[in-house]
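These numbers come from a predicted model, not from an experiment.
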Amino acid sequence: QAQRKRELTEILKGGGCDLVIFAFDSTNSASLAYAKHLERTLLTDDMARVYVGTKGDQCSPTEDKDIEEDDDWQPTTVIDEAAIHCRELDLEPPFITSANETMLSAEGELGEMHRLKTLEHLARCVVSDDGWQRRLRSKPHEERKRQEAARRRNRKMIWFGVGVGVAVAVVGYLITGTVGGGGSSKQNSENKGRSRLSWFRSLFTSLGAGSSSSSSSSPAAPGMSE
């Protein structure tokens with residue numbers, strides 16, 4: 001068993017699969033507990049996974065209620081326990097099926113319907129949205145992480161836009177000194193703008209003069225004098 005676990009770890013870390021299916025016996029709580037143990041020890045949050053309950057034909061019907069909104073709901077079956085676990089990780093509820101002759105092994109259209117439904121559920125756990133069917137939640141807290149990343153991008157764009165707007169306003173004020181106006185007020189604004197920029201021109205003038213003075217006073221290199 002330890003060797004098998006090492007092999008699974010190597011396969012998963014090497015990106016050897018697109019979806020990990022945790023199949024558990026819907027009538028056995030220990031089976032679900034072992035599936036959760038494997039998930040906790042083998043998978044990281046960026047790996048897609050789905051819970052599939054078998055022997056669904058042997059389970060009593062679960063309560064028809066929205067457990068997503070009921071924090072006080074207590075599990076009474078193994079399927080309920082799996083549903084709560086998936087809710088805590090923000091995963092799709094477990095897919096319940098059976099290999100007996102009334103579901104996956106059924107003949108004719110009934111069996112085909114169950115098999116197609118199962119394959120569709122698994123496929124939608126890994127494919128991207130195609131416009132008419134959304135991708136099922138198969139990575140822990142993936143939607144929340146996507147929303148947080150979008151909010152961070154929006155904040156960066158807002159701050160960048162504010163910074164550019166402030167810079168443009170400051171440059172415009174330095175150049176014109178004011179906004180609008182005409183006649184003598186326009187002439188006054190131009191004079192103010194030139195006075196505000198005079199220190200900038202003086203800085204370059206002094207730097208240029210210092211560079212020229214340094215070049216003229218530097219001694220000639222040996223062998224260059226006539």
Distance-only, no hydrogens or angles: does the D80 side chain make a donor-acceptor pair with backbone N or O of A83 under 3.5 Å?
no

Supply the atom-to-atom distance T102 OG1 to D57 CG, rounded to the nearest 0.5 angstrom.
5.0 Å

State the CG-CZ distance between L19 and R124, to the nearest 0.5 angstrom.
13.5 Å

Check whether V126 and I11 end up in the same hydrophobic cluster, where Ile, Leu, Val, Met, Phe, Trp and Tyr are linked by side-chain heavy atoms less than 4.5 Å apart.
no

Check which hydrophobic residues are tied to L110 through side-chain heavy-atom contacts below 4.5 Å, counting indirect links as well, and list them.
M113

In this structure, NE2 of H85 is separated from CZ of F24 (nearest 0.5 Å) by 10.0 Å

CD1 (I79) and SG (C59) are apart, to the nearest 0.5 Å, by 4.0 Å

Among pairs that include at least one residue of residues 103-119, which meet side chain to side chain donor-acceptor pair (under 3.5 Å), considering only residues two or more places apart or in two chains?
none

If hydrophobic clusters are built by linking Ile, Leu, Val, Met, Phe, Trp and Tyr wherever their side-chain heavy atoms come under 4.5 Å apart, do L32 and L42 end up in the same one?
yes

For residues 20-35, which residue pairs qualify under side chain to side chain donor-acceptor pair (under 3.5 Å), counting only residues two or more places apart or in two chains?
Q1-Y34, D25-T27, D25-K55, S29-E81

What heavy-atom pair brings E39 and R49 nearest, and what distance separates the two atoms?
OE2-NH1, 2.6 Å

To the nearest 0.5 angstrom, please state how far the CG atom of L12 sits from the CD atom of E7.
12.0 Å

Would you say M47 ends up clustered with L8 if hydrophobic residues are merged whenever their side chains have heavy atoms under 4.5 Å apart, either directly or through other cluster members?
yes

Student check: side-chain heavy atoms of L122 and F95 closer than 4.5 Å:
no

Given the rule that I, L, V, M, F, W and Y join up when any side-chain heavy atoms are under 4.5 Å apart, are V78 and F22 in one cluster?
yes

Consider only side-chain N and O atoms of H121 and E92, and report whether a donor and an acceptor are under 3.5 Å apart.
no

Gap separating the CZ atom of R137 from the CG atom of D90, nearest 0.5 angstrom:
5.0 Å

Exam field: side chain S138 to backbone C125, donor-acceptor pair closer than 3.5 Å
yes

